[in-house]
Each structure stands twice: as structure tokens, then as C-alpha cells.
Amino acid sequence: VKQTVTTLPSFNIFNTSYEVREKAKFVVALEEGRSNKVYRDSEGKLTIGVGFNMEAAGATILWAKAGVKTSFSEAKAGRRSITDGEVDALFNITFNEAETGAKAVFPFYSMLGVWQKVAMIGMVFQMGRGGVSNFKNTLNALKNGQKETVFKGIVNSLWGKQTPARAKRTAVMLAYNIDHQDAENW
């Protein structure tokens, strides 16, 4: 059973790394859900924890790096669940990679607003660096402050068609630096 988090933590008004990180972790967990048992995601991929793709290249390496004691093959086969601590450990590893990836994909990352950074991290978490790197026109529009082009680039993309509600929320956050809760009602 997937669990979700529904209350957004409050922070000070300063655009600190900690603030961005905590908001992004909250939003990613909210969007992905949380499961101690393997399930198939919207693309049909075996997934566990907070969006951990068990079929991705290097999944077993990340599993070990996170210190997960539960057998990867047993969890992947659905014969074993992982603990809450193991879910958290996997999430920390994959989130750190997404945060690093967002900074690498968009060289002007430091110039973005809080919610734009949250959106970038969320996109990299879901699609990986390579997937987000394919949004060349959208990233260029973001660099040039072309908000409507950023919005349209995301919602009209293949990703936007595959996960339309999530993509729309992300597009609003990235284009207009609007918080996740307000983006929900856009």
C-alpha cells in the first residue's frame, strides 16, 4: 500500500540549500508515494520505496550503497518487504543523485527560485539527468525567462502526456516559481 504525505513543511523566506532540499524531498515523496513492497509504476517498472526503480541500470549498486539488508532479488520478486529505514536510506541515495543531477543539467541552477529548484530536482528524480537534458528548448527558455515557453514545453512533452497532472504542477513551479500547493490549483 502506497502512503502519501499531505502537509507541506513551512520554512523561512530565505532561499537556502536546506530549505530547497527539504521542500524538494517532501514534494518528491508526495508525488512518488511510499511503499515498503514492490509495485509497478505508471510505466510498468518494478518500483519500491519512494520511486526506486528496481529495473534501472545500477539499481543493485544503489541498493548496496544505501545499506539495505533485505535481499534485492527477494524484494524485487515481491517475496519480501523492506523496512521504513531501508525506504528512507534508498530515498536519501536517489534524492542526492537527483539534486546533484539538477545542478548539472541546468548550469544556472543557483539563479533559480526555491520552487523552480524543487521542480528541477523532481524532474531529475523521475526522469534522470538524461531525460531532463532532452528538454533543451525548455531549459533554454528557463534560462531566458520565457515562462510560457517553459510551461508549454513541459505540458506538451511526452512526459507531460504520460503523467499530465504531475507535469502540469511541475511546469507551474518551474515556469512561475509558484509553490507546489498553489500549482495544484493552477
Side-chain angles (χ1 to χ4, degrees), residues 2-35 41-45 47 49-53 91-92 94-186:
K2 287 175 69 173
Q3 304 166 346
T4 58
V5 182
T6 57
T7 308
L8 186 64
S10 61
F11 295 90
N12 65 39
I13 60 170
F14 300 105
N15 182 356
T16 65
S17 296
Y18 177 80
E19 176 188 14
V20 169
R21 183 175 176 76
E22 291 307 303
K23 285 183 176 183
K25 283 182 96 171
F26 175 85
V27 169
V28 168
L30 179 65
E31 296 283 9
E32 293 286 339
R34 181 183 175 99
S35 178
D41 70 6
S42 62
E43 295 281 306
K45 295 176 183 162
T47 305
V50 180
F52 183 81
N53 179 354
F91 184 42
N92 285 333
T94 54
F95 180 86
N96 289 344
E97 287 193 346
E99 185 178 35
T100 300
K103 293 172 183 176
V105 165
F106 192 68
F108 300 93
Y109 177 89
S110 64
M111 305 295 285
L112 297 175
V114 170
W115 291 103
Q116 291 170 313
K117 290 176 182 177
V118 168
M120 285 291 292
I121 293 168
M123 287 176 71
V124 174
F125 190 92
Q126 188 178 18
M127 294 182 277
R129 277 186 207 191
V132 176
S133 294
N134 291 329
F135 284 79
K136 290 178 183 24
N137 294 335
T138 302
L139 294 173
N140 192 47
L142 180 62
K143 175 183 162 190
N144 294 318
Q146 299 167 325
K147 296 175 182 181
E148 193 62 26
T149 303
V150 172
F151 179 82
K152 287 178 180 176
I154 292 173
V155 297
N156 294 329
S157 69
L158 175 61
W159 177 60
K161 291 175 184 20
Q162 291 169 335
T163 56
R166 182 175 184 172
K168 183 179 176 189
R169 287 187 295 272
T170 301
V172 171
M173 289 190 301
L174 190 59
Y176 303 104
N177 196 35
I178 292 176
D179 75 61
H180 186 265
Q181 288 174 321
D182 288 340
E184 177 73 36
N185 300 316
W186 188 267

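Every heavy atom of this structure was used, including side-chain atoms; hydrogens, water molecules and symmetry mates were not.
- Residues Thr149 and Ala141 share a closest heavy-atom pair of CG2-CB, 3.6 Å.
- If you look at Tyr176 and Trp186, their ring centroids are closer than 6.0 Å.
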Pair Asn185-Arg169, side chain to side chain donor-acceptor pair (under 3.5 Å): steps then yes or no: CA-CA 9 Å; Asn185 300 316; Arg169 287 187 295 272; over 6 Å; no

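- Here the shortest heavy-atom pairing between Ile121 and Ala98 reads O-CB, 3.8 Å.
- No more than 12 heavy atoms of other residues, nucleotides or ligands lie within 6.0 Å of CG in Asn137, so this atom counts as exposed by the packing criterion.
- Two residues are said to be in side-chain contact when any heavy atoms from C-beta on lie closer than 4.5 Å; Lys23 and Trp115 meet this criterion.
- Within the 3.5 Å criterion, the main-chain N or O of Ile154 finds a donor-acceptor partner in the side chain of Ser157.
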CA sep, side-chain torsions, deciding dist, call: Tyr109, Glu99, side chain to side chain donor-acceptor pair (under 3.5 Å): CA-CA 10 Å; Tyr109 177 89; Glu99 185 178 35; 5.1 Å; no

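- Within the model, atoms CE of Met111 and NZ of Lys117 stand 9.5 Å from one another, a figure rounded to the nearest 0.5 Å.
- No donor-acceptor pair under 3.5 Å is formed between the side chain of Asn144 and the backbone N or O of Gln146.
- To the nearest 0.5 Å, the span separating CZ on Phe135 from CG on Leu174 amounts to 10.0 Å.
- Residues Ser42 and Thr163 form a side-chain contact, since some pair of their non-hydrogen atoms from C-beta on lies under 4.5 Å apart.
- Atoms CE and OG1, from Met127 and Thr170 in turn, are 7.5 Å apart once rounded to the nearest 0.5 Å.
- Note that NE2 of His180 and CD1 of Ile178 are 12.5 Å apart. Values are rounded to the nearest 0.5 Å.
- Here Phe108 contributes atom CZ and Asn140 contributes atom CG; the two are 9.0 Å apart, rounded to the nearest 0.5 Å.
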Phe91 vs Arg34, side chain to side chain contact (heavy atoms under 4.5 Å, CB included): CA-CA, chis, key distance, verdict: CA-CA 10 Å; Phe91 184 42; Arg34 181 183 175 99; 5.7 Å; no

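- For the 3.5 Å distance criterion, the side chains of Asn156 and Lys161 fail to qualify, holding no donor opposite an acceptor.
- Across every non-hydrogen atom of Phe125 and Val50, the tightest pair is CZ-O, 3.2 Å.
- In this structure, Met123 CE and Leu139 CG are separated by 7.0 Å, a value rounded to the nearest 0.5 Å.
- Taking each heavy atom of Ala119 and Met173 in turn, the nearest pair found is CB-CB, 3.9 Å.
- Judged purely by atom type and a 3.5 angstrom limit, Asp41 has no side-chain atom pairing as donor or acceptor with the backbone of Thr47.
- Considering all non-hydrogen atoms of both residues, Val105 and Val132 come closest at CG1-CG1, 3.6 Å.
- Taking a cutoff of 4.0 Å between a charged side-chain nitrogen and a carboxylate oxygen, Arg166 and Glu184 do not qualify as a salt bridge.
- Here the side chains of Asp179 and Val118 are not in contact, with every heavy-atom distance at 4.5 Å or above.
- Taking both residues in full, the closest heavy atoms of Glu32 and Gly51 are given as OE1-CA, 3.3 Å, listed atom of the first, atom of the second, then distance.
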